[in-house]
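Encoded as structure tokens, the structure appears first; notes follow it.
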Amino acid sequence: LQLLSYVQFPDAGEVFVPPHLRILHVSSEVYFIEEEIKDNLFFGSGQEKVSDAQWQRALRICQRLAFPARLMNFVRSEGGTLEYMMNNAAVLSRSDRALLHMTRAFIYNPEVLVIHNPTLLLDAQLQQPLLDALRAFVDERGLEMPAASRHKRRPRTIIGALEMIRGND
């Protein structure tokens with residue numbers, strides 16, 4: 001999986017990926033930059049200024065992933081930094097961090113999403129919304145994009161492995 005997304009390079013030969021395909025490897029390690037939440041969500045998207053329409057799309061993705069109210073309020077604040085959140089007792093849980101990480105991937109909207117165990121860091125109640133979003137990402141050729149332009153967008157593919165964590169019921 002890492003060869004496809006140029007995270008790792010082969011010892012011999014080469015892996016060819018057509019240049020028109022954007023491939024994103026979503027690491028199991030969650031990283032953030034010390035900037036505003038909006039900057040973190042759009043980090044790597046190549047957009048210098050986020051339009052209102054792009055921000056509204058990001059918020060719809062957050063809702064689709066069933067962000068907890070506390071996290072959704074933080075995201076809606078737009079100006080809050082991760083440093084502020086960490087220093088004011090509103091600590092990001094591992095599920096919060098994983099949701100923000102996946103939201104960033106959906107905002108980037110690659111043609112190929114390479115991911116290993118996307119539900120691994122999520123609480124059980126957040127796993128199904130993510131799985132539904134992954135399915136919709138493929139079916140709709142991107143998440144929360146205009147339906148009228150679906151036929152003009154390239155197909156989306158997800159390559160990876162999935163492991164579900166079940167609660168002790």
Side-chain angles (χ1 to χ4, degrees), residues 1-2 4-5 7-8 22-47 50-110 112-140 142-145 156-169:
L1 295 177
Q2 292 181 340
L4 285 176
S5 52
V7 172
Q8 183 178 11
R22 290 176 305 148
I23 298 177
L24 178 65
H25 178 262
V26 179
S27 168
S28 58
E29 298 290 326
V30 180
Y31 298 103
F32 296 107
I33 57 174
E34 291 186 24
E35 297 293 334
E36 293 180 358
I37 190 69
K38 186 184 278 189
D39 295 325
N40 273 278
L41 290 176
F42 285 87
F43 183 74
S45 68
Q47 301 174 25
V50 177
S51 71
D52 186 55
Q54 292 164 327
W55 181 241
Q56 292 306 313
R57 176 177 172 256
L59 292 175
R60 288 191 308 272
I61 291 170
C62 294
Q63 290 169 337
R64 187 172 236 182
L65 293 174
F67 272 36
R70 172 187 52 76
L71 183 59
M72 195 68 200
N73 289 337
F74 177 70
V75 169
R76 280 196 175 112
S77 74
E78 294 183 43
T81 63
L82 292 171
E83 180 181 18
Y84 172 83
M85 190 170 194
M86 298 298 273
N87 291 333
N88 287 284
V91 178
L92 290 172
S93 71
R94 72 180 183 159
S95 283
D96 293 343
R97 295 170 59 85
L99 286 172
L100 291 167
H101 194 49
M102 285 305 305
T103 301
R104 182 171 38 209
F106 288 131
I107 288 170
Y108 181 71
N109 197 28
V112 180
L113 188 58
V114 180
I115 189 167
H116 184 73
N117 288 333
T119 60
L120 190 63
L121 298 177
L122 293 178
D123 295 336
Q125 74 273 15
L126 296 172
Q127 291 179 359
Q128 193 59 52
L130 175 60
L131 295 174
D132 293 344
L134 289 168
R135 177 79 258 166
F137 175 77
V138 172
D139 292 344
E140 299 169 16
L143 271 189
E144 300 300 332
M145 305 288 286
R156 300 298 188 261
T157 302
I158 297 174
I159 301 172
L162 178 65
E163 179 180 325
M164 296 289 291
I165 297 176
R166 300 271 185 224
N168 295 331
D169 299 50

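Hydrogens, waters and symmetry mates are skipped; everything else that's a heavy atom, side chains included, is used.
In this structure, the side chains of Val26 and Met102 come closer than 4.5 Å at one or more pairs of heavy atoms. Counting only heavy atoms from C-beta outward, the side chains of Asp139 and Arg156 never approach each other to under 4.5 Å. Side-chain contact between Leu59 and Met72: present, with at least one pair of heavy atoms (C-beta onward) separated by less than 4.5 Å. At a threshold of 4.5 Å between non-hydrogen side-chain atoms, the residues Val30 and Leu100 do not count as touching. Contact check for Leu121 versus Arg97: no side-chain heavy atoms found under the 4.5 Å cut-off. When side chains are defined from C-beta on, Phe137 counts as touching Pro110, because their heavy atoms get closer than 4.5 Å.
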Determine, stepwise, if the pair Val75 / Leu41 fulfils side chain to side chain contact (heavy atoms under 4.5 Å, CB included). CA-CA 9 Å; Val75 169; Leu41 290 176; 4.1 Å; yes
Does the pair Phe106 and Leu130 meet the rule for a side chain to side chain contact (heavy atoms under 4.5 Å, CB included), with working shown? CA-CA 11 Å; Phe106 288 131; Leu130 175 60; 4.0 Å; yes
Could you walk me through whether Ile159 and Ile23 pass side chain to side chain contact (heavy atoms under 4.5 Å, CB included), step by step? CA-CA 10 Å; Ile159 301 172; Ile23 298 177; over 6 Å; no
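Pairing each heavy atom of Met145 with each of Asn109, the nearest pair is CE-ND2, 3.6 Å. Smallest separation of non-hydrogen atoms from Arg70 and Asp96: NH2-OD2, 2.7 Å.
Within the structure, salt bridge (Lys or Arg N to Asp or Glu O under 4.0 Å) contacts touching residues 59-69 (residues at least two apart or in different chains) are Arg60-Glu144, Arg64-Glu140, Arg64-Glu144.
For the pair Arg22 and Tyr108, the distance from NZ or CZ to the six-membered ring centre is under 6.0 Å and the angle to the ring normal is within 45 degrees.
For the atom pair CD1 (Ile158) and CG (Leu24), the distance works out to 11.0 Å, reported to the nearest 0.5 Å. In this structure, CG in Leu65 is found 9.0 Å from CG in Leu126, a value given to the nearest 0.5 Å. Atoms CD and NE2, on Glu29 and His101 in that order, are 8.5 Å from each other to the nearest 0.5 Å. Separating the CG atom in Leu71 from the OG atom in Ser95 is a distance of 10.0 Å, to the nearest 0.5 Å.
Asp132 is linked by a salt bridge (charged side-chain N to carboxylate O under 4.0 Å, His left out) to nothing, counting only residues two or more places apart in sequence or in another chain. Arg57 pairs by the salt bridge (charged side-chain N to carboxylate O under 4.0 Å, His left out) definition with nothing, not counting sequence neighbours. With sequence neighbours excluded, the residues satisfying side-chain hydrogen bond (donor to acceptor under 3.5 Å, both in side chains) with Gln54 are Gln47, Ser51. Contacts of Phe67 classified as ring-ring contact (aromatic ring centres under 6.0 Å, His included), with partners at least two apart in sequence or in another chain: none. Looking at residues two or more places apart in sequence or on another chain, you find a side chain to side chain contact (heavy atoms under 4.5 Å, CB included) between Pro129 and Ala66.
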